[in-house]
A.B. asks: 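This is the structure, below, for whatever I ask next.
So that the names make sense, note that chain A is the first sequence line, chain B the second, and so on, each numbered from 1.
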Amino acid sequence: MQEAAYGYGAEPLLSGLTLELAPGSFHFLTGPSGAGKTTFLKLCYAELLPTSGHVGILGEDASAISRDAVADLRARIGVVHQDCQFLDHLPTEDNIALPLTVTGRDTSRAAGDLSELVEWVGLSSRAKALPPELSGGERQRAALARAIITDPDLILADEPTGNVDWEMSVRLLQLLVELNRMGKTVLVATHDLGLIRAAKSQVQARVLRIRNGQIATAGADL
Amino acid sequence: MSVVGDAASLLRRDAQADRIVPRSGQSARLTVFTSAAMAFLAVFALALSLASGRLADRWSSALAQSSTIRLSAPTAEIEAQTTAILSVLEQTPGVESARTITDAEQRTLLEPWFGPDLPVEDLPVPRLIEITEGPQGYDPTGLRQRLAAEAPGAVLDDHTRWREPLVEAAGRLRLLGWVSLGLIAGATGALITLAAQAALSANARVIGVLRLVGARDAYIARAFVRRFTIRALSGAAGGTALGMAGVALLPGSEASASFLTGLGFSGSAWLLPLTIPPLAGLVAFAATRVAAYRTLRGLQ
């Protein structure tokens, strides 16, 4: 990002955003509610385009690419949305396989991978359940599985532990750390400072803080 | 946004893609019902248009080549004037043949009004002379002038006076039939567009999720277009079948020469209504495609 800014009205919510996420790095993004964490993530997967400045995603200029190119780019980014964004009429395993389905990849050939992935996130017994039947933790794990099924280069997670207990939060964090160890770039937006502290022993993470619309690397106070 | 690609996707059944869009009962029923009702009406509009065409052709061809001379004269002069008329007609260019209608034929013509035993020979019924025109036709104004000189009691009726309005009416009726078909196609398109837009609005969240996980616009649009096109096709097929059955059950034209009893298809014209379901599918394909891409353009 280079001097990127975004605002929903006349006043910019975020401005002067200049940073780069190095491949294979792990980042936390923190800040109070309403600070713009979700907006920042949306800029990272081109759901929003900057009102000024430049956002480059996996080598593409987000403001200059076609709608099809945006879709192709999103297929290379795994996003764990705060509200999971499932299709409630499809079973959980079909929701997890959705990024493969919509990009025309043969899900029957990837069935083995899908089943391994479902097992890895601990949802084997819940694969046929509809999303509304899942608990908060199960939903977050399913969302994480969907985010990584295409083997993306970048994983973005928006408050992935927002609706789960501490034990589940730690488990989700461990999954994200494992993915980072596999070489994925991970950015986790959270207001849970306890989670960030818990991660320090597992991964070398850079902590970014949004304050007054600006982003900065947080200090040792975290 | 390839039309060909979208059309080709109709033929490839993709079970997974079909499941992605939830089945919305109301818009599905609306599309099927609308297509069925419109196809049913289209069959009748088509039958009306074809029947009007046949009628116009029949009237113009049957009457255009013939005309009649009606002779009203004192009994003593009637034979002389008849001879004079036939002589004039013989010398008139464009007249192929002419003959006097016999008493028996006149009796047959009058039978519906006066019964079978009418003594035509004792009544002051005008004598009728039937003229058959040649391909070039004759000059009616010149013939009238010569008849006025040779047989003052003769009146030439070339049927123009009532043939033209009838042919014109049949032509207008045919045009109305085609206009009705156009309106039916337009109304079908409009209603399917509304149903598609309702379905797209109801599934805005689904569309948003699909975009977020990397679906291209073409993939999302095709899921909706395929569903609506198939619904329109199946509804129109049912409506067409019912319409054709309805037309087949109308009384046959042999029973009477009336226009209403001739409202139907004959011979290869029975194949024409079979084009209605594919056309309804085409209208649904175009209407849903436009609605889908318009909705998608509103999303990042």
Side-chain angles (χ1 to χ4, degrees), chain A residues 6 41-50 62-63 65-91 93-108 110-111 130-131 143 145-150 152 156 158, chain B residues 1-28 198-227 289-300:
Chain A
Y6 188 84
L41 290 186
K42 285 181 175 178
L43 288 169
C44 292
Y45 59 85
E47 187 175 353
L48 297 175
L49 297 175
S63 301
I65 56 176
S66 68
R67 290 178 61 80
D68 281 349
V70 168
D72 295 346
L73 196 59
R74 285 181 186 159
R76 295 170 57 199
I77 304 171
V79 185
V80 181
H81 298 273
Q82 196 170 2
D83 53 358
C84 295
Q85 297 277 7
F86 289 128
L87 299 184
D88 289 345
H89 64 287
L90 293 182
E93 63 180 359
D94 286 356
N95 267 288
I96 292 172
L98 201 56
L100 297 178
T101 309
V102 301
T103 48
R105 278 172 268 191
D106 188 349
T107 49
S108 60
L130 294 174
R146 187 180 69 183
I148 61 175
I149 195 161
T150 54
L156 306 171
D158 190 3
Chain B
M1 266 180 72
S2 143
V3 179
V4 177
D6 289 353
S9 74
L10 295 175
L11 305 173
R12 287 193 308 268
R13 189 169 186 277
D14 183 345
Q16 285 179 317
D18 286 349
R19 289 175 60 214
I20 280 174
V21 179
R23 299 193 176 279
S24 47
Q26 202 175 356
S27 69
L200 288 160
S201 298
N203 289 299
R205 194 178 157 277
V206 171
I207 294 169
V209 171
L210 294 176
R211 280 288 300 171
L212 287 177
V213 297
R216 288 184 169 200
D217 286 351
Y219 180 89
I220 301 169
R222 281 169 192 171
F224 284 92
V225 168
R226 182 178 148 79
R227 181 164 293 181
R289 193 171 181 277
V290 168
Y293 280 108
R294 192 189 296 142
T295 302
L296 285 164
R297 274 197 299 272
L299 296 169
Q300 174 54 24

A.B. asks: Given the rule in the side-chain contact (heavy atoms from CB on, under 4.5 Å) test, do Asn95(A) and Val209(B) qualify, once you have shown the distances and angles that lead to the verdict?
C.D. replies: CA-CA 10 Å; Asn95(A) 267 288; Val209(B) 171; 5.7 Å; no
A.B. asks: Would you mind reporting whether Val213(B) and Thr150(A) have side-chain heavy atoms less than 4.5 Å apart?
C.D. replies: no
A.B. asks: How far apart are the closest heavy atoms of Val102(A) and Gly214(B), and which atoms are they?
C.D. replies: CG2-C, 4.0 Å
A.B. asks: In Å, rounded to the nearest 0.5 Å, how long is the span from CG of Asp94(A) to CD1 of Ile20(B)?
C.D. replies: 8.5 Å
A.B. asks: Do Arg19(B) and Pro91(A) touch side chain to side chain, with heavy atoms closer than 4.5 Å?
C.D. replies: yes
A.B. asks: What pairs with Tyr6(A) under ring pair (Phe, Tyr, Trp, His ring centres under 6.0 Å), at least two apart in sequence or on another chain?
C.D. replies: Tyr8(A)
A.B. asks: Are the side chain of Arg205(B) and the backbone of Phe86(A) linked by a donor-acceptor contact shorter than 3.5 Å?
C.D. replies: yes
A.B. asks: Between Ala215(B) and Ala71(A), which heavy-atom pair has the shortest distance, and what is it?
C.D. replies: O-CB, 3.6 Å
A.B. asks: Can you tell me which portion of Arg146(A) sits under 4.5 Å from chain B's heavy atoms? Options are side chain, backbone, both or neither.
C.D. replies: side chain
A.B. asks: To the nearest 0.5 Å, what is the distance between NE2 (His81(A)) and CG (Leu212(B))?
C.D. replies: 4.5 Å
A.B. asks: Just wondering, do Leu296(B) and Arg67(A) contact through their side chains at under 4.5 Å, heavy atoms?
C.D. replies: yes
A.B. asks: State the CZ-CZ distance between Arg211(B) and Arg74(A), to the nearest 0.5 angstrom.
C.D. replies: 5.5 Å
